[in-house]
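Written below as structure tokens is the structure these notes are about.
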4 protein chains.
Amino acid sequence: MNFASDNVTGVAPEIMDALARANETVAMMPYGADEITARVETAFAELFQHEVAVFPVATGTAANALSMSVMCPPYGAIYCLEESHANADECGAPEFYTGGAKLVAVPEVEGKMTASALDARLAGRGPADGVHVVQPAAVTITQASEMGTVYSADDLAALGETARKWGLKLHVDGARFANAVAAGNQSPADLTWRAGVDIMSFGATKNGAMAAEAVVVFDPALAETLGFRRKRGAHLFSKMRFLSAQLEAYVKDDLWLRHARHANSLAARMATALDSAPGVELDYPVEANEIFASAPKAVWQKLQAAGFIFYTWGDAERPSARFVTAFDTDDQHVDAFAAALK
Amino acid sequence: MNFASDNVTGVAPEIMDALARANETVAMMPYGADEITARVETAFAELFQHEVAVFPVATGTAANALSMSVMCPPYGAIYCLEESHANADECGAPEFYTGGAKLVAVPEVEGKMTASALDARLAGRGPADGVHVVQPAAVTITQASEMGTVYSADDLAALGETARKWGLKLHVDGARFANAVAAGNQSPADLTWRAGVDIMSFGATKNGAMAAEAVVVFDPALAETLGFRRKRGAHLFSKMRFLSAQLEAYVKDDLWLRHARHANSLAARMATALDSAPGVELDYPVEANEIFASAPKAVWQKLQAAGFIFYTWGDAERPSARFVTAFDTDDQHVDAFAAALK
Amino acid sequence: MNFASDNVTGVAPEIMDALARANETVAMMPYGADEITARVETAFAELFQHEVAVFPVATGTAANALSMSVMCPPYGAIYCLEESHANADECGAPEFYTGGAKLVAVPEVEGKMTASALDARLAGRGPADGVHVVQPAAVTITQASEMGTVYSADDLAALGETARKWGLKLHVDGARFANAVAAGNQSPADLTWRAGVDIMSFGATKNGAMAAEAVVVFDPALAETLGFRRKRGAHLFSKMRFLSAQLEAYVKDDLWLRHARHANSLAARMATALDSAPGVELDYPVEANEIFASAPKAVWQKLQAAGFIFYTWGDAERPSARFVTAFDTDDQHVDAFAAALK
Amino acid sequence: MNFASDNVTGVAPEIMDALARANETVAMMPYGADEITARVETAFAELFQHEVAVFPVATGTAANALSMSVMCPPYGAIYCLEESHANADECGAPEFYTGGAKLVAVPEVEGKMTASALDARLAGRGPADGVHVVQPAAVTITQASEMGTVYSADDLAALGETARKWGLKLHVDGARFANAVAAGNQSPADLTWRAGVDIMSFGATKNGAMAAEAVVVFDPALAETLGFRRKRGAHLFSKMRFLSAQLEAYVKDDLWLRHARHANSLAARMATALDSAPGVELDYPVEANEIFASAPKAVWQKLQAAGFIFYTWGDAERPSARFVTAFDTDDQHVDAFAAALK
């Protein structure tokens, strides 16, 4: 009963099937010159109701770092949350791919960046410092956020407006974009280009793929050099059809949203169980598939002794814990979890 | 009947099976903390009869560029052939991963670097130039070579000796290492650490994997920072088990060598057919699974009209052509090829 | 009456003389193979009572960025104050020279980093995150600080101990090192290697040189690649004698300390005048040659109208102002300043 | 009697005077916001009869590397001669500043790149290789060349045309631009923008300055990011007036050309003496201030024994030698040289 992360999961059967089907053709031209890759771009354009350029890669870090490399020059600054994956968990990949740009932290509110916090950060930069300071170039937010909250279309539109005001490109790290879309009734378009998003990392791995993400580019100017940068970063697959097949199956017939709704609904059930358990407090609103809670350490120890796997950290007496549900989380594990909490 | 490259192929059934088996366990810890990845390191140590550190990645360019990043400082020089994949076909990935090192060309003999040519290149650098020149740091060769020839253990030992003489680390780009091992009766150990190889890119993709390569490190000092560099390069897979499963199946029960022998033997048959065809000349000895030949353009046009796919280039009247066989090349396609040449 | 910065100054006569003398010899071997450069290394070893490697450069940013490039790998982290020159005023030079390392902010106390704040920042990094996070590599502090305060030998020794505890190299940005030494009765040795400093940027430009700084290396291992990195960064002067002549004259007969004492004592007089002026508050202790104060805007406007040049920023009604004295600040300007404040 | 290089020289008296004059003003605003720097841009616009952006720096390597950083993306290629200073003598500075671009060698003719050799190199790149190969971005030539020859305006116009044909920016490394202009009757304009040059490194150091070069930009688009890159490279001087004063004096009243004519004419006399000496052969036409010659080793040994300093290399029995004259070379040394050769 592993709630440590959604990346401990395997591959959804529909995606394994797609890989098998992609393997039926003996020879396909390499490096994306295959028919499946061509179909993926069409499928994503329909999904987003917008022309897009799609660059499949295998890791979320690659999608993020490549996105940043086209938004921000080496002497630029990218605004983000301190705890964002790009800033805190990628061992400096954004710095590597941008040639040494600086990630600048904006304070968070419920795991999210607000337009007003971003605006204040930019406005508070002191006197125009010309060449002495890194130049504001981009902002990146994570959807769903690292704390399991979700940006609404309005949140994003306000961020988009602030980004444009300061001449910044807007990037969404959508490692759990499916969970964000599934959380409300807003479309992929509402949550991206309609709100001013220029480029995004579209995640599939955590939600059922083997290893497949895509840089999805709404601003055509940002796509111009991405192909060179992907190759140079060593992220261009020769047998691209197997990346593309995962992405195609992922968005086909709403598989991605069905997966995400499953994960989100189980997270909601776990949150309810936690919230009503004595001494347990939810640290953030639970809007997607991640739950953060704090409790006396005995509570967590008891759960761990009962076979539940999850991370804890922070205060010795009253640690925080994180629980993540996934596309394949077993309902009975959640029932068992709720029972164990009583 | 596609002889354009061995990367137009799909995935060998044994490797698809291994992926399915790796998917049977519901949850495995991510980023390589799984049992399959642990087994791969053991399997490679046995294969090479040497302790090794193994870093699975998904592309050959990643394996090469990461290898170079630990052999060569930003102010260093890497000696290679002009036409080596790392120098000519990776859009500058070695420069990117090393932080701007310089690739320096050594003249080729039958598609290979000779110890004497390497020695002459180093010796001919003019007066000791101190800080003004990039510092010789590494040498990289490709096995089997980009021209379909194979370095013998003696070739490599001579290169290894020259590399040590000049204080250079020795890297092998083994995108087609299986074909090189299958070509002779020399072991993986003979063709690597026994000859002084410090680190290699061990390829599997072209020979039956979906997307799986490994940096195999013989010199433990070179492994120290590789984990950070792999993560930072965005090449650390969360669901690592699926990379490792490919590599495990690839080397199990000599699958890799059976595949390579098949490809090599069909290449030999095609070479014989070409060599005896009027007007056709082999450009390089055919020792692995690639054939380079030149002929009047009508010869190539006739083959292409007959449905054979391959690249041609060079002289307008007497172009060169490349044919590549693979693990899954159909014997009957080779029969048809030989027949069409008559 | 310009108190905007100590970099609005010209060159001290002693240093102009040294340049003229260095020009008397018709031919000297280039790139540091001259006698003056050799003498500088000796002079600095005496000054610091320690063997040192000295790398003259022309800008403080070069000294800082080169220092960082040998302390921190591309996947490393450098701990600093948010407002440190390296982080805030060098347009990303440290990121450039390190190949993309991350500068991580530690909270300041009176413009200085405390050992306990550094320790807390390191300790609070959460669970050991292995390859996912940039690796702590170095700490950099500024002496005298950007806020005009001075680290004591005890402050530094505590920082040095904390740095060693966490395996960090310790760097001092000594753009105003002279002012720090002049501020107390502690020797250059006390304020560097005796306290655990591994490498420093030794400034001369602000205190009377034309354009001359030096990377001074106490840990010989850090000097090994500096020569290559300086050349590659384009900071190796062919006519090095003219950099070295400035440095030689600067430390000869305590010129640097006489200059700094002059600047410090005038700063102290200005601070006294400000402190006793109605409505004016000193923002930081004045220990070197910089004064930060806040006051009703009318106070600053009156001074500016009287011909005093200085920067103001921050609150509209009660802005902050910075005043900097220098080696050549005229006593009468300070008298006039005090008079104007009354 | 030092003919080793023109960088063994000191500073011309006119330039020392200019430094002294620039020091007369007590306070000047830093980082180029001073009147002298403003005048330099005007002076260079007149000199080149064209609007220019001028970025003073202290080393030729800085001027070259910064120029390349704005012409060429990280995934780009810069065409050059194998033996060009940028490729052979800057420890990889161009790779550093471009973020890892590749320098690609074009064969030389008399130390120069010909338009036809450049065209052939570009045309011979094989099939359009899309993202797999570094993208041709720029070409750099050295004027006067590293072999002491000079590109005519026609040579340059042909190169410029070929560069435009292939979409390349054209850069001139003018470390000895003065000697090139002095060699003929072609103007600075003829030898730069009129021939299609987009950006140049304008050298002064070897010809009488202390340490002063300038990036001179003819294509305004290339100037946009140069300020940030100069700062980030740590080449922005706080006391900029002292760089600018050198450049202003250098071009005032044709000082630079008078200096260069002196050096060139002495080189011509030395070449004549060498050419008529038994066994001595000039390796390249002598058109500027460098002479390359080969001779039996006894010839060179005799000269060295007589107190002449110069470099030799190459063949043991018949080494090559290089002699460089400068703005301050003593006529009597040349007389002595000619006498010694007899």
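Worth saying up front: this structure is predicted, and the values here are computed from it rather than measured. Basis for what follows: all heavy atoms, side chains included, without hydrogens, waters or symmetry-related copies. First the proteins, then the strands, lettered A, B, ... as listed; each starts at 1.
For the pair C:V8 and D:M28, the minimum side-chain heavy-atom distance is 4.5 Å or more.
Both the backbone and the side chain of C:M210 come within contact range of chain D, with heavy atoms under 4.5 Å apart. Heavy-atom distances place the side chain of D:F242, and not its backbone, under 4.5 Å from chain C. Both the backbone and the side chain of C:A27 come within contact range of chain D, judged by heavy atoms closer than 4.5 Å. Only the backbone of C:A209 comes within contact range of chain D, with heavy atoms under 4.5 Å apart. When heavy atoms are compared at a cutoff of 4.5 Å, C:L236 approaches chain D solely by way of its backbone atoms N, CA, C and O.
In terms of heavy-atom pairs under 4.5 Å with chain C, the best-connected choice from D:A62, D:G92, D:A326 is D:G92.
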Would you list the atom pairs in which one atom of chain C and one of chain D form a donor-acceptor pair under 3.5 Å?
residue	atom	partner	partner atom	Å
C:V8	O	D:M28	N	2.9
C:V8	O	D:R241	NH2	3.0
C:T9	O	D:R241	NH2	3.0
C:T9	OG1	D:K239	NZ	3.2
C:G10	O	D:K239	NZ	2.8
C:V11	N	D:N23	OD1	2.6
C:V11	O	D:N23	ND2	2.9
C:N23	OD1	D:V11	N	2.6
C:N23	ND2	D:V11	O	2.9
C:M28	N	D:V8	O	2.9
C:T59	OG1	D:A234	O	2.9
C:D89	O	D:K231	NZ	3.4
C:C91	O	D:R232	NH1	3.1
C:G92	O	D:R232	NH1	3.0
C:Y97	OH	D:Y97	OH	3.2
C:Y97	OH	D:G233	O	2.7
C:T205	O	D:K239	NZ	2.6
C:A209	O	D:K239	NZ	2.7
C:K231	NZ	D:D89	O	3.4
C:R232	NH1	D:C91	O	3.1
C:R232	NH1	D:G92	O	3.0
C:G233	O	D:Y97	OH	2.8
C:G233	O	D:H235	NE2	2.9
C:A234	O	D:T59	OG1	2.8
C:H235	NE2	D:G233	O	2.9
C:H235	NE2	D:H235	NE2	3.3
C:K239	NZ	D:T9	OG1	3.2
C:K239	NZ	D:G10	O	2.8
C:K239	NZ	D:T205	O	2.6
C:K239	NZ	D:A209	O	2.7
C:R241	NH2	D:V8	O	3.0
C:R241	NH2	D:T9	O	3.0

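The heavy-atom pair separating D:M29 from C:A4 by the smallest distance is CE-CB, 4.5 Å. Closest approach of C:A211 to D:F237, counting heavy atoms only: CB-CE2, 3.4 Å.
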